[in-house]
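Small disclaimer: the values here were computed from a predicted structure and weren't measured.
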Amino acid sequence: QKAVLIDFYAPWCAPCRQMMPMIDSLRNQYASTVDIIKINADASKRLIKKLQIRSVPYFVIYQNGEILFQHHGSILKEELMKQLEFLNE
């Protein structure tokens with residue numbers, strides 16, 4: 001089963017906006033192995049509350065219902081790539 005990387009963001013969040021091109025390039029690069037989904041925190045308040053997400057950006061990788069990686073705040077492309085490559089081993 002494909003892993004899923006979820007990018008929780010908000011339109012008003014400057015770090016979130018800065019990271020969008022990087023996330024889009026990763027979506028293309030890993031299209032065959034990872035589903036990359038963006039979720040607008042402002043439009044998903046119930047989900048944000050349920051997951052107890054307190055700040056954005058927030059990145060989480062799930063596979064088979066398990067959290068494999070999570071990160072609050074900005075992240076380098078290389079760090080996310082390292083996590084995505086680990087999934088393919």
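By the 6.0 Å contact criterion, CD on E66 is open, its count of non-hydrogen atoms from other residues, nucleotides or ligands being 12 or less.
H71 has its side chain out of reach of E79: every pair of non-hydrogen atoms, C-beta onward, lies at least 4.5 Å apart. The shortest side-chain heavy-atom distance between V4 and Q63 does not fall under the 4.5 Å cut-off. Contact check for Y62 versus L68: no side-chain heavy atoms found under the 4.5 Å cut-off. The closest side-chain heavy-atom distance from M81 to Y30 is below 4.5 Å. A heavy-atom distance below 4.5 Å is found between the side chains of I36 and I23.
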Test side chain to side chain contact (heavy atoms under 4.5 Å, CB included) applied to K38 and D24, step by step: CA-CA 10 Å; K38 294 180 189 178; D24 291 338; 2.8 Å; yes
Chi angles and distances behind the side chain to side chain contact (heavy atoms under 4.5 Å, CB included) call for I48, K45: CA-CA 5 Å; I48 297 302; K45 291 189 188 305; 5.5 Å; no
Check against side chain to side chain contact (heavy atoms under 4.5 Å, CB included), F69 and L80: CA-CA 9 Å; F69 173 80; L80 265 180; 4.1 Å; yes
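E85 and K82 are not joined by a salt bridge, as no carboxylate oxygen comes within less than 4.0 angstrom of a charged side-chain nitrogen. A salt bridge does not link D7 to R27: none of the charged side-chain nitrogens sits closer than 4.0 Å to a carboxylate oxygen.
Nearest heavy-atom pair, S55 versus H72, reported as atom, atom and distance to 0.1 Å: OG-ND1, 3.7 Å. Here the closest heavy-atom approach between residue P57 and residue M19 is recorded as CG-SD, 4.2 Å. Nearest heavy-atom pair across I6 and I39 is CG2-CD1, 3.6 Å. Nearest heavy-atom pair, A10 versus N40, reported as atom, atom and distance to 0.1 Å: CA-OD1, 4.3 Å.
Looking at S32 and K2, their side chains never bring a donor and an acceptor atom within 3.5 Å of each other.
The hydrophobic cluster containing L47 also contains I67, counting ILVMFWY residues as joined when their side-chain heavy atoms lie under 4.5 angstrom apart, directly or transitively.
One finds the SG atom of C13 at 8.5 Å from the CD atom of Q18 (value rounded to the nearest 0.5 Å).
With S25 contributing its side chain and M22 its backbone, the two residues share a donor-acceptor pair below 3.5 Å.
Test I53, V60, I61 against Q70 for side chain to side chain contact (heavy atoms under 4.5 Å, CB included) and you get one pass: V60.
Pairs passing the ring-ring contact (aromatic ring centres under 6.0 Å, His included) check and including a residue from residues 4-28, sequence neighbours excluded, read F8-Y58.
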